Protein chains: 2
Amino acid sequence: MKQNSKLSLALHTLGHMAVTQDRPMTSDFIAQFHHTNPVVVRRVLGSLREAGLLTSEKGHAGGWRLAKAPEDISVAEVYLALGEPYLKPAGKGPDTPPGCAIRTAMEETVTLAVSEAEAVFVERLRTKTLADLTAAMGPALHS
Amino acid sequence: MKQNSKLSLALHTLGHMAVTQDRPMTSDFIAQFHHTNPVVVRRVLGSLREAGLLTSEKGHAGGWRLAKAPEDISVAEVYLALGEPYLKPAGKGPDTPPGCAIRTAMEETVTLAVSEAEAVFVERLRTKTLADLTAAMGPALHS
DNA sequence: GTTTCATGTAACCTATATAGTTACGTGATT
DNA sequence: AATCACGTAACTATATAGGTTACATGAAAC
């Protein structure tokens, strides 16, 4: 795994689950095909469960399942469920003095632009569902 | 300083320079009002010099100067000069297998959305110049 | 011409954020 | 009762960014 990898893991997992909906997926299995750790998988998917995108069950036939149909889950929902925007506002260190008007003006400008960019980002993701993505590739599904 | 602070430092500095254009500013002075280190200042401003936004001179009356008038420098130019987008594409770790079609499809979607968001971000910054920002605050300039 | 001042860079150190790991608990199924 | 899988806390490892030191170069002052 790497840096901004929560979204990557979440989408990769949901993509596979959209294709294989018959039985639940275990964290261990997911960890294998994403080359990461089961605990990390649980941490990330836990956020998605809280957002109502997944359900989890313990025990023998346990594991993770989609809580909704793939056509009812947009990529934006997944992104927002993780609660971690790509775009973080400029250098807002707590060390900001806090009295420099010039600095404040500059950062307000940047923060505003970031907000607008993020809105566009989410809007683009909102139009894509899991079903759209898996349908677009047909039966060529390995790994 | 903190995380994404290069842009913060660059804009803070250029803002002050737009107000005080008469004499050059030294890296030490800049480091003081931004609460950072002179070497860091030189590293960041070096990028701006390469982009043609600043000039630097050594020696007794040396330091940094704007290479253009404040009304001819947009915030976007500053951002682009730093060469480090806020938005980095999703988890593109080199560990990508590279053969999973599902994963690839998911990441293409995200990458596209990121590109569009970044375009909006730059576009917003393109309409703001240093002169716009310093003019908007009047003579209330401390720190 | 030598001293001083400022930038230019390389090399290294440090702090922080993030992912990975271990360990142990809970509930469900066999 | 044993097994399986999630739930979570606590710790470790690592990658990145910023900070620091050191030294070189060039320009102005003396």
Side-chain angles (χ1 to χ4, degrees), chain A residues 1-10 12-13 17 23-32 34-50 53-67 82-96, chain B residues 1-10 12-13 17 23-32 34-50 53-67 82-96:
Chain A
M1 280 177 87
K2 275 266 171 171
Q3 41 184 24
N4 228 323
S5 58
K6 286 185 189 175
L7 183 57
S8 177
L9 167 57
H12 190 192
T13 301
M17 290 174 76
R23 61 182 180 283
M25 251 181 211
T26 69
S27 301
D28 271 276
F29 179 72
I30 295 165
Q32 280 175 31
H34 197 75
H35 302 96
T36 183
N37 191 289
V39 177
V40 175
V41 171
R42 290 189 194 107
R43 282 205 284 245
V44 173
L45 298 193
S47 305
L48 303 187
R49 186 191 51 229
E50 289 173 14
L53 302 178
L54 288 178
T55 60
S56 64
E57 279 179 69
K58 298 178 177 177
H60 266 82
W64 301 88
R65 280 180 186 278
L66 293 179
L82 297 175
E84 296 191 357
Y86 268 14
L87 331 170
K88 305 177 182 173
K92 274 203 174 174
D95 51 353
T96 310
Chain B
M1 282 176 86
K2 276 264 169 168
Q3 42 183 20
N4 228 325
S5 58
K6 287 186 190 176
L7 182 57
S8 177
L9 166 58
H12 191 192
T13 302
M17 290 174 74
R23 59 181 180 284
M25 249 180 215
T26 69
S27 301
D28 271 277
F29 178 72
I30 295 165
Q32 280 176 31
H34 197 75
H35 303 96
T36 183
N37 191 289
V39 177
V40 175
V41 172
R42 290 187 195 111
R43 282 204 283 243
V44 173
L45 299 193
S47 306
L48 303 186
R49 185 190 53 229
E50 290 171 15
L53 302 178
L54 289 178
T55 60
S56 64
E57 279 180 69
K58 297 178 177 178
H60 265 82
W64 301 88
R65 279 178 187 279
L66 293 179
L82 297 176
E84 296 191 358
Y86 268 13
L87 330 170
K88 306 181 180 169
K92 275 203 173 174
D95 50 356
T96 310

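First the proteins, then the strands, lettered A, B, ... as listed; each starts at 1. Only heavy atoms go into these numbers, but all of them, side chains included; no hydrogens, no water, no symmetry mates. Please read all numbers here as calculations on a predicted model, not as lab measurements.
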Q) Could you state the CD-P distance from B:Gln32 to D:dG19, rounded to the nearest angstrom? A) 15 Å

Q: Using the side chain to side chain contact (heavy atoms under 4.5 Å, CB included) rule, pick out the option among A:Thr55, A:Ile30, A:Leu48 that qualifies with A:Trp64.
A: A:Ile30

(Q) Tell me whether the side-chain N/O atoms of A:Thr36 come closer than 4.0 Å to OP1 or OP2 in C:dG20. (A) yes

Q. With sequence neighbours left out, what residues match B:Arg49 under side chain to side chain donor-acceptor pair (under 3.5 Å)?
A. B:Ser56

Q. How does protein contact run along nucleotides 1-11 of chain C, one letter per nucleotide 5' to 3', with B for base contact, S for sugar-phosphate only, - for none, heavy atoms under 4.0 Å?
A. ---BBSBBBBB

Q) Could you go step by step and tell me if A:Leu9 and A:Val40 meet the side-chain contact (heavy atoms from CB on, under 4.5 Å) rule? A) CA-CA 9 Å; A:Leu9 167 57; A:Val40 175; 4.2 Å; yes

Q | Separation of D:dA13 C1' from A:Asn37 CG (nearest whole Å) | A | 13 Å

Q | Integer-rounded Å distance: D:dC6 C1' and A:Leu54 CG | A | 13 Å

Q) How many Å lie between CZ on B:Arg65 and C1' on D:dA27, as a whole number? A) 15 Å

(Q) The criterion is side-chain contact (heavy atoms from CB on, under 4.5 Å); which residues satisfy it with A:Thr26, sequence neighbours excluded? (A) A:Asp28, A:Phe29

(Q) Is there a side-chain contact between B:Arg42 and B:Val39 in this structure, where contact means two heavy atoms from C-beta onward sitting under 4.5 Å apart? (A) yes

Q. When you check the phosphate oxygens OP1 and OP2 of C:dT18, does a side-chain N or O of A:Ser5 lie under 4.0 Å from one of them?
A. no

Q) Going through the checks in order, is the side-chain contact (heavy atoms from CB on, under 4.5 Å) test met by A:Met17 and A:Leu54? A) CA-CA 10 Å; A:Met17 290 174 76; A:Leu54 288 178; 3.7 Å; yes

